[in-house]
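Structure first, commentary second.
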Number of protein chains: 2
Amino acid sequence: MNTQQVTGPEWRPIATVDVVLMTIREERLEVLILRRAAGPFAGEWALPGGYLRPEEDMSVEAAAERVLREKAGLPPQHLEQLQVFSGPDRDPRGWSISCALLALVPCASIEGAIAEGCRLQPVDDLLQGPGLAFDHDLILGEAIRRLRGKGGYSTLPAALVGDEFTLSELRGAYEVVLGIGIDKAVFRKRMLDLGVLEETGRTTRIVPNSRPAMTYRLRDGVRTFDRQVGSASSPVRPEGKVRYQP
Amino acid sequence: MNTQQVTGPEWRPIATVDVVLMTIREERLEVLILRRAAGPFAGEWALPGGYLRPEEDMSVEAAAERVLREKAGLPPQHLEQLQVFSGPDRDPRGWSISCALLALVPCASIEGAIAEGCRLQPVDDLLQGPGLAFDHDLILGEAIRRLRGKGGYSTLPAALVGDEFTLSELRGAYEVVLGIGIDKAVFRKRMLDLGVLEETGRTTRIVPNSRPAMTYRLRDGVRTFDRQVGSASSPVRPEGKVRYQP
DNA sequence: GGAATAGTGTCTATTAGACACTATATG
DNA sequence: CATATAGTGTCTAATAGACACTATTCC
């Protein structure tokens, strides 16, 4: 316990950020974790995080971006606050408040830039495994819930593909996030009718021996829809699978 | 500035909670505000809030409930985290982190219990007015955005009516939150088909000289739907207005 | 019966979903 | 030509929305 813990306005809690960086690799949702070098839970796997620094960080978002720069060498495609986790017992060093943030990136932008001691782990494996340090399993669970929930009625999954993408790639991201198959014609009509995309004018071929596809970019930032994309009743179609590293 | 602000792990920011307590009164959305007695912005209107207290508060949610007990004498019907506001400049006392929370209550449960120096103010008036202390206008704006956004596809507005309510009362809450008129037949079918309500078996009459209505309660906590309730194209129907204090 | 609100039935325009079909590239 | 994916057209079942209609209470 920490001797700084006295009651009154001069008392202050430990303040940190924890970042859930998610990406799609090989058609699976993966999370960046690292083996803690020091401090509590040294040697165990945990989410990247750290203390707030008054001189460097202008906000919790800035602190999260600093952490990600150190661990994955990148600014994320999308970063949003997830939830505050707080209390006297979640950190053995004392009463703490941690702002958890969800970061999304296309896989291609971090592979190779991942720092020593870090790795990408499929979320499904992680939910079974021996568990993360602190209350990070709880934080991870909340991140997955948020992504799955918000992913169905927003352009959030677009942050998991590159700036420029084909409709098949985008659909693949939605399918991985939502865990369902989505009919390509329905998806195409929905996305284009929503007006959240714009053509780049360029085409790409996803695989050889096939027709090239138009590429698109997001017209704006993340937007929300008033209806869910796809449905749980859609069968998972074989064509639904799309390669992200052709 | 505070001399505690030195770089390094022993440094800690000011940590507070700010609560946006919303309710519906006279068919308008209202917010609890108070005139600051001391400290920065003394004499100005602000959202209720306060320091985290290590001995009393087990979490930010508990701190928010304590603040609400002091100012409005109640545990809220619904309490959820909104967003963290943080940075070196938002509080003149130094680098601060504030967890903003959204609290919803039926109006009847707080009228009379509101503490000295506090008042309920319609949100629309507040958005025009001279503005709140700190960055509380920003926090209020985020609270309204959250309520309007989430209100359309969840049972969140139910927290603004009593535990037991008629479908007309509930529909009225949705109409106030969303700012649209909702057809009563459509609303009835949607809500009952969703299976989020259960009959209490008791009936109430909203006004004299009319047929009594069945009352319902929420089957669970807040649930989300995959489709928006109502639509912007619905005309505001005269019958849509419902009295909350008959 | 009159007034007021609760609750139901019906029609229609829209659309999600399913799926067949055409188009365009490579080899 | 075959192959593989992009992109389009069509049909259907489901339903949101509009609105008329019936039901139940108090006066």
Side-chain angles (χ1 to χ4, degrees), chain A residues 152-153 164-172 174-175 178 180-195 197 199-216 225-244 246, chain B residues 152-153 164-172 174-175 178 180-195 197 199-216 225-244 246:
Chain A
Y153 55 87
E164 227 171 281
F165 48 81
T166 67
L167 281 170
S168 285
E169 287 172 334
L170 185 60
R171 181 164 52 93
Y174 274 88
E175 289 178 327
L178 300 178
I180 60 173
I182 304 175
D183 183 276
K184 73 174 170 172
V186 172
F187 183 79
R188 168 175 236 95
K189 252 186 296 184
R190 285 274 282 121
M191 279 298 153
L192 296 181
D193 288 354
L194 283 166
L197 304 181
E199 292 190 0
T200 63
R202 285 178 291 277
T203 56
T204 308
R205 71 189 53 76
I206 303 294
V207 297
N209 274 35
S210 80
R211 176 174 171 177
M214 175 60 63
T215 63
Y216 297 82
F225 322 140
D226 63 346
R227 280 179 149 77
Q228 190 101 1
V229 171
S231 78
S233 64
S234 306
V236 177
R237 299 174 65 76
E239 212 193 335
K241 300 302 175 185
V242 162
R243 286 174 232 161
Y244 286 91
Chain B
Y153 55 88
E164 228 172 280
F165 47 81
T166 67
L167 280 170
S168 285
E169 287 173 335
L170 185 61
R171 181 164 52 91
Y174 274 88
E175 289 179 327
L178 300 177
I180 60 174
I182 304 174
D183 182 277
K184 74 174 172 175
V186 172
F187 183 79
R188 168 176 236 94
K189 251 186 297 185
R190 285 274 281 123
M191 279 298 151
L192 296 181
D193 288 354
L194 283 166
L197 304 181
E199 291 190 0
T200 62
R202 286 179 289 279
T203 57
T204 309
R205 70 189 54 75
I206 302 293
V207 296
N209 276 30
S210 81
R211 175 175 171 175
M214 175 60 64
T215 63
Y216 296 83
F225 323 139
D226 63 347
R227 279 180 151 77
Q228 189 102 2
V229 172
S231 78
S233 65
S234 307
V236 178
R237 300 173 63 77
E239 211 193 336
K241 300 302 174 184
V242 164
R243 286 177 232 159
Y244 285 90

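Numbered from 1 within each chain, the chains take letters A, B, ... in sequence-line order.
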Closest to the B:Asn209 side chain, choosing from D:dC27, C:dA16, C:dA25: D:dC27

Centroid-centroid distance, B:Phe165 to B:Tyr216, less than 6.0 Å: no

Rounded distance in Å - CE (A:Met191) to P (D:dG7): 15 Å

Partner of A:Thr215 by side chain to side chain donor-acceptor pair (under 3.5 Å), out of A:Thr200, A:Thr166, A:Thr204: A:Thr200

Nearest-Å distance for atom pair CZ/C1', residues B:Arg202 and C:dA6: 18 Å

Whole-Å gap separating P (D:dT15) and CG (B:Asp226): 10 Å

Closest to the A:Lys189 side chain, choosing from D:dA4, D:dA6, C:dA18: C:dA18

Nucleotide nearest B:Arg211 when distance is taken to its side chain, options C:dA6, D:dA16, D:dA6: C:dA6

Side-chain heavy-atom pair B:Phe187, B:Leu170 within 4.5 angstrom cut-off: yes

Side chain of A:Lys184 (C-beta onward), nearest among C:dG7, D:dA16, D:dA6: D:dA6

Distance below 4.0 Å between A:Arg188 side-chain N/O and D:dA6 OP1 or OP2: no

Any B:Arg205 side-chain nitrogen or oxygen under 4.0 Å from OP1 or OP2 of D:dC26: yes

Distance below 4.0 Å between B:Ser168 side-chain N/O and C:dA6 OP1 or OP2: yes

Euclidean distance, atom CZ of residue A:Phe187 to atom C1' of D:dA6 [Å, nearest integer]: 14 Å

Atom-to-atom span, CZ of B:Arg171 to C1' of C:dT5 - whole angstrom: 10 Å

Backbone N/O of A:Ile182 and side chain of A:Glu175: donor-acceptor pair under 3.5 Å: yes

Of the listed nucleotides D:dG17, C:dA25, C:dG7, the one nearest the side chain of B:Ala213: C:dG7

Distance, rounded to the nearest Å, where B:Glu169 contributes CD and C:dG7 contributes P: 11 Å

Gap between atoms CZ and P, on B:Phe165 and C:dT5 respectively (whole Å): 20 Å

A:Arg190 side chain vs A:Ala185 backbone, donor-acceptor pair below 3.5 Å: no

Upstream residue (5' side of DNA chain D) when A:Leu192 and B:Ala185 are each assigned their closest nucleotide: A:Leu192

Rounded distance (Å) that lies between atom P of C:dG9 and atom CG of B:Asp183: 15 Å

